[in-house]
Amino acid sequence: MLYSKIYLILFTGTDSGGLMRFSRLLIPTLRETPSDAEAISHQLMLRAGYVRQLAAGLYIYLPLAWRVLNRINSILKEEMEAIGAQEVSMPVLHPAEVWQQTGRWDDIGDEMFRLKDRTGRDMCLGMTHEEIMTWLAAREIRSYRDLPQTWYQIQTKLRDEARPKSGVLRTREFIMKDSYSFDATEEGLETNYQLHAGAYHRIFKRCGLRFYQVESDPGMMGGAVSHEFMAPSPAGEDEIALCSKCGYSANVELALSVPKEIKKEEWPFEEIQTPEKRTVNEVSNFLKVAPEYFIKSILVISDNGPVLALVRGDQDIHEKKLAKVIGSHRPAQKAEVKEILGVEAGFIGPVGQKIRLVADECLKQGVYISGANKPHYHIRGVRPITDFNAEWHDIHAANSGDSCVKCGGELSIERVIEIGNIFKLGTKYSVPLRAFYLDEKGLEMPVIMGSYGIGPARIAAAAIEQNNDKDGIIWPKSIAPFDIELLPLNMKDTGTVEVAERLYKEMKENGIEVLMDDRDERAGVKFKDADLLGIPFQVILGEKNLKEDLVEIKDRKTKLAIKTNVADAVKEIREMA
RNA sequence: CGGGGCGUAGCGCAGUCUGGUAGCGCACACGGUUCGGGACCGUGGAGUCGGAGGUUCAAAUCCUCUCGCCCCGACCA
């Protein structure tokens, strides 16, 4: 007796294609936004019942979110297979030795999760898989005949991020599609690099994202060339510079730009008193001269001693650009400024300076005002090159309104989410890990590598950031958790339920993924939740319409609904979805 | 790691200044009415007030330490 009851529950709760009934699925929607969510995608993922947070940077993906990720992953797999990449699966737990051989065991700091196994052996959790992929290549690739190869996986990565943030955008554990190419020649690498760039374009387009491919800083990945794929969104952490005229686009970390030209003043060289006026803005207001006529002098401490960095008053130093010139550095503290330059910060300048000077290119032109290296004095009429010399580099951060170095067009700056990147690694990993092959002449050569990453959760979050309204998410069709949400408004009306079940079955038979809101809820609740979840189309079954044999098909994005005969509904949906 | 904010019921919050039996809204359970854009009435369940120590007759409230989460910055292979 007891058993038959249990079976009954099992059978009524299950249908052939899995659970697609709202009443049986875990979709914990929230009326209010949890207070610690800032990014829109984060708020909506929580409210619409897609994710829950376990701890800082650790997220649980609930059924809806997991369906979205699986759809994204299917697209990733299709496009990877299309360029000849082979799917593999690498361990997440790595022995330290492999990372020690490439030097990254020591290069990387607290961001790597490290542990010991029971025998005391050093291990780490994989942040990325260059080492392990190269280890494999070193073992299995012998001859130029084995090349090229491209291997990929969709695998968990772990990074002990200093600051996880913005929901699933920056987490400590995340899934990544990472692929690695192995070639005999630079040309081969170039081919694989372009194949990946093409595949990435198709992937992001299919996922319904607006995005840019930009030049990026290869950073510690090594290698000379890399690009990032960036989805514009205010929730992003990066900024890119874009030229509307020639299409130049680069991460602001390395974007070159020409600041607005300034009129050349004919000031004589003279000291002027500027009591208590320290910052560019203060002196600018005091002397009634615009900030672009000032030289901003910043003292930094590099590994090789102090460096005075100079940019125009209306510009900011970009730390990464400066780091390319002088290596890693930090801003000097106030006491250090006084100690090294003999004058307090606020009145320092390049004239008569004995320490290393690095100046922004644009300062070569013009006549400026700078600190006089004397308390409460500035110098007007400073002529760079004549009055001081320096190492000249582009070290300013690109600003919107600056000119493009390539074509002179106007640059704009956009905030973006990094959704993918591609790197030419060269032999950075193959040499230390001894991934060599024998060429036609029998010579031992290092394999030439590239690595390519995409974060599926970031695609999902970026899609929400770019597609939402006050009512909730509006998924692109390709990555929505379901194609259709079926809304039988009155579950107590047997006619409604009967049509709903019929349509539900018919849609499933037609390969349409459908979520049926079979909850005994008021119509208003179902509408609100449907809009929140963001499934692209809603099929609404209301009693009145059904009396005339009609159902409504509503577009989540436009909120426009068409009425159609029950008999034609599935056909209509197939055409739209 | 530096700066700021916050931890009180599943969620959103009040109560903390000025110590005196832990509250409100939503959600949840039950009953009734309602039923095309987050219904209404009634009843009810649910909280070690983040944790530890201290002060006090008495601590959510005061003191010390600690843990966690969020935001800004630094960092980001």
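A note on names: the letters A, B, ... follow the listed sequences, proteins ahead of strands, and every chain is numbered from 1.
- An OP1 or OP2 oxygen of B:C26 is reached within less than 4.0 angstrom by no side-chain nitrogen or oxygen of A:Arg31.
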Quiz item: In B/S/- notation, 5' to 3', how is nucleotides 4-14 of chain B contacted by protein heavy atoms closer than 4.0 Å?
Solution: -------BSS-
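- Taking the six-membered ring where the residue is Trp, the centroids of A:Tyr59 and A:His42 are separated by under 6.0 Å.
- In this structure, the separation between CG on A:Leu158 and OG1 on A:Thr171 is 9.0 Å, given to the nearest 0.5 Å.
- Within the nucleic acid shown, A:Asp531 comes within 4.0 Å of at least one base atom, counting heavy atoms only.
- The separation between A:Lys492 atom NZ and B:U34 atom P is 11 Å, rounded to whole Å.
- Residue contacts for A:Glu552: at a heavy-atom cut-off of 4.0 Å it reaches a base atom on one of the strands shown.
- As rounded to the nearest Å, B:C49 and B:G31 have P atoms that lie 34 Å from one another.
- The gap from the C1' atom of B:G25 to that of B:C1 amounts to 40 Å, rounded to the nearest Å.
- For B:G2, its base never sits under 3.5 Å from the side chain of A:Arg163 at any donor and acceptor pair.
- Closest contact between the side chain of A:Asn545 and the listed nucleotides B:C71, B:G36, B:A74 involves B:G36.
- Salt-bridge check for A:Glu501 with A:Arg21: passed, with a basic side-chain N closer than 4.0 Å to an acidic carboxylate O.
- Residue A:Ala56 is classed as a sugar-phosphate contact, given heavy-atom separations below 4.0 Å to backbone atoms only.
- A:Ile27 places its CD1 atom 18 Å from the P atom of B:A27, with the value rounded to the nearest Å.
- Using a cut-off of 4.0 Å between Lys/Arg side-chain N and Asp/Glu carboxylate O, A:Asp469 and A:Arg556 are scored as salt-bridged.
- Among the candidates A:Phe204, A:Tyr212, A:Tyr452, the single residue satisfying the ring-ring contact (aromatic ring centres under 6.0 Å, His included) test with A:Phe229 is A:Phe204.
- In this structure, the side chains of A:Lys559 and A:Asp471 come closer than 4.5 Å at one or more pairs of heavy atoms.
- Pair assignment for B:C24 gives B:G12, based on Watson-Crick or G-U wobble hydrogen-bonding distances that are each under 3.5 Å.
- For the pair A:Glu543 and A:Ser166, nearest-nucleotide mapping onto RNA chain B gives the more 5' position to A:Glu543.
- Between the CG atom of A:Leu533 and the C1' atom of B:G38 there is a distance of 13 Å, rounded to whole Å.
- With rounding to whole Å, A:Asn490 atom CG is found 12 Å from B:U34 atom C1'.
- RNA chain B is contacted by both A:Glu111 and A:Asp529; A:Asp529 maps to the nucleotide lying nearer its 5′ end (nearest heavy atom per residue).
- Taking the P atom of each, B:G2 and B:G45 are spaced 47 Å apart, rounded to whole Å.
- Side-chain contact between A:Asn545 and A:Val551 is absent, with no heavy-atom pair separated by less than 4.5 Å.
- The CD-P distance, from A:Glu418 to B:C75, rounds to 16 Å in whole Å.
- Between B:G23 and B:U48, the distance separating the two P atoms is 14 Å to the nearest Å.
- Residue A:Leu532 is in base contact, counting any heavy-atom pair closer than 4.0 Å across all strands shown.
- For A:Lys528, the listed nucleotide lying nearest its side chain is B:G38; candidates were B:C70, B:G38, B:C75.
- Residue A:Ala55 is classed as a sugar-phosphate contact, given heavy-atom separations below 4.0 Å to backbone atoms only.
- Nucleotide B:U18 forms no Watson-Crick or G-U wobble pair with any nucleotide shown, as no partner meets the under 3.5 Å limit on both distances.
- Protein atom CZ of A:Arg47 is 14 Å distant from nucleotide atom C1' of B:A27, rounded to whole Å.
- Distance noted for atom P between B:C40 and B:C35: 14 Å (whole Å).
- Distance, A:Asp106 CG to B:A77 C1': 14 Å, rounded to whole Å.
- Pairing partner, B:G31: B:C41, with both Watson-Crick or wobble hydrogen-bond distances short of 3.5 Å.
- Classification of A:Lys526 and A:Glu485 as a salt-bridged pair fails, no side-chain N sitting under 4.0 Å from a carboxylate O.
- Separating the CG atom of A:Leu46 from the P atom of B:C70 is a distance of 11 Å, rounded to the nearest angstrom.
- Look at the P atom in both B:C62 and B:U43: the space between them is 35 Å, to the nearest Å.
- Proximity of A:Val168 to A:Tyr50: side-chain heavy atoms (C-beta onward) are nowhere separated by under 4.5 Å.
- Taking atom C1' in both B:G32 and B:G15, the straight-line distance is 35 Å, to the nearest Å.
- Side-chain contact between A:Lys320 and A:Asn251 is absent, with no heavy atoms from C-beta onward closer than 4.5 Å.
- Straight-line distance between the P atoms of B:C13 and B:C71: roughly 15 Å, to the nearest whole Å.
- When both pairing distances are held under 3.5 Å, B:C49 makes no Watson-Crick or G-U pair with any nucleotide shown.
- Nucleotide B:G73 is matched to B:C1 when pairs are restricted to Watson-Crick or G-U wobble geometry with both distances under 3.5 angstrom.
- Contact between the side-chain N/O atoms of A:Arg522 and the OP1/OP2 oxygens of B:A39 is found at a separation under 4.0 Å.
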